[in-house]
Amino acid sequence: MNKEVVLTQQSSLKKWANISLVSTVIVLTFVYLQVNPLTTLTAFPDFLTFFVQNFFPADFSNLASYVPLIIETILFAVVGTYFSAFLAFFFGLLMSEKTNPIGWLRMLSRFLMSFLRNIPVLIWASLLVYVFGIGNMVGLIALIIATLGFLARSYAETMNEIAGSKLEALKASGASYFQVLFHGLIPEFIPSWLNWTLFSFEINIRASAILGMVGAGGIGIMIQTNIRLFNYHQAFALIIVLVSLVLLTEFGVNKLRKWLV
């Protein structure tokens, strides 16, 4: 009984120590950043009042002229995801420990994909603007680069899990590398490939709109333009369209995922 009491006390002490540590870190973070949470809370009613007075009601009178931009946003996500998925599968094979026995090539591929993945898509778009200028090409390339790093890592980890548990029988029977790849790995990998790719498509719909805010085309550029011109009612209409587009995409992708997988 005494041992149980001691263990209970130790568990309680550990819990309170963790809570105290987290609380201290949060407080020190606010102090270091010179952020006052009370100021944010007290300013929220002013923000809400400004939003209601300036953005309501939404003005959908020019919605027809924005349809091409909405289509651009969707096509950015479709094309960006398509090319990224194709390239990421190739790099996933190079990054996986079970499909690429060449150590230096595997490490080089991992380093390259980590580099692409850890730079936000907005940074890529901002850098590419200096090369290609403002336009759709910037948004598309930035989307492909950012998605490639994410998908390659996801594909490689999935391949490692499959190769480590389900392909031993093929290897033991003397199957060649390509036989194991095409008759073992790829059939097992397809469901995960569909899930990761469709998930990236959802993300890219949002990212396509954000990219427009740095001049990379799509619906985002008109949201930014209307806000800068104080056309808040039209900007709010576009925001509603964007949110609806994201929700419809998520709903459609979930249905498609269940049907395919």
Side-chain angles (χ1 to χ4, degrees), residues 72-132 134-164 181 185-186 188-221 242 245-246 249-250 253-254 256-257 260-261:
E72 279 185 12
T73 300
I74 298 173
L75 292 180
F76 275 154
V78 171
V79 177
T81 305
Y82 176 82
F83 279 101
S84 299
F86 176 78
L87 295 173
F89 178 74
F90 173 74
F91 279 101
L93 292 174
L94 294 179
M95 293 167 60
S96 175
E97 297 175 357
K98 301 299 176 64
T99 57
N100 181 15
I102 306 174
W104 66 268
L105 181 58
R106 187 170 62 249
M107 293 302 296
L108 179 62
S109 300
R110 283 187 172 273
F111 173 78
L112 178 60
M113 292 300 104
S114 295
F115 177 77
L116 298 181
R117 185 177 66 254
N118 289 315
I119 298 179
V121 65
L122 279 178
I123 302 299
W124 281 118
S126 300
L127 293 173
L128 291 169
V129 162
Y130 291 100
V131 180
F132 297 100
I134 295 176
N136 294 342
M137 182 63 70
V138 171
L140 185 58
I141 296 177
L143 204 60
I144 291 173
I145 292 174
T147 309
L148 172 60
F150 169 75
L151 282 180
R153 171 64 184 275
S154 303
Y155 289 172
E157 296 300 326
T158 302
M159 290 176 187
N160 281 337
E161 294 175 2
I162 295 173
L181 182 64
L185 178 65
I186 292 180
E188 293 287 343
F189 176 67
I190 285 177
S192 297
W193 175 80
L194 289 172
N195 282 328
W196 282 117
T197 304
L198 291 174
F199 177 66
S200 294
F201 177 70
E202 291 181 36
I203 296 176
N204 285 342
I205 287 288
R206 302 180 184 92
S208 298
I210 296 173
L211 286 173
M213 296 184 180
V214 294
I219 194 174
I221 194 170
L242 177 59
L245 179 61
V246 171
T249 301
E250 184 176 352
V253 165
N254 288 335
L256 182 61
R257 185 186 291 113
L260 292 175
V261 181

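We use all heavy atoms of the structure for the numbers below, so side chains are in, but hydrogens, waters and symmetry mates are not. Treat the numbers as computed from the prediction; the structure is a model and nothing was measured.
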[X] to [Y] - nearest heavy-atom pair and separation:
X      : Y      : value
Ala152 : Ala88  : N-CB, 3.5 Å
Ala156 : Met95  : CB-CB, 3.7 Å
Leu140 : Phe76  : CD1-O, 4.1 Å
Gly80  : Ile144 : CA-CG1, 3.7 Å
Gly92  : Tyr155 : CA-CB, 4.5 Å
Asn118 : Ser114 : ND2-O, 2.8 Å

To the nearest 0.5 Å, what is the distance between [atom1] ([X]) and [atom2] ([Y])?
X      : Y      : atom1 : atom2 : answer
Met113 : Leu108 : CE    : CG    : 9.0 Å
Arg153 : Leu116 : CZ    : CG    : 13.5 Å
Asn195 : Thr158 : CG    : OG1   : 9.0 Å
Leu148 : Leu112 : CG    : CG    : 7.5 Å
Leu245 : Ile74  : CG    : CD1   : 5.0 Å
Ile203 : Thr147 : CD1   : OG1   : 8.0 Å

Going by the side chain to side chain donor-acceptor pair (under 3.5 Å) test, which pairs reach into residues 101-111, not counting sequence neighbours?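 Residue pairs passing side chain to side chain donor-acceptor pair (under 3.5 Å), neighbours aside: none found.
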
Listed once per pair and sorted, the side chain to side chain donor-acceptor pair (under 3.5 Å) pairs that draw on residues 75-84, sequence neighbours left out: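 For residues 75-84: Thr81-Asn204.
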
State whether the number of non-hydrogen atoms from other residues, nucleotides or ligands found under 6.0 Å of Phe89 atom CZ is greater than 12.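 Buried by this count: over 12 neighbours within 6.0 Å.
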
Is Trp124 atom CH2 crowded by more than 12 heavy atoms from other residues, nucleotides or ligands, each under 6.0 Å away?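 Yes - once you tally the heavy atoms of other residues, nucleotides and ligands closer than 6.0 Å, there are more than 12.
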
Using 30° and 60° as the class limits, which term best fits the ring planes of Phe199 and Trp196: parallel, tilted or perpendicular?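 Perpendicular, since the angle between the ring planes exceeds 60°.
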
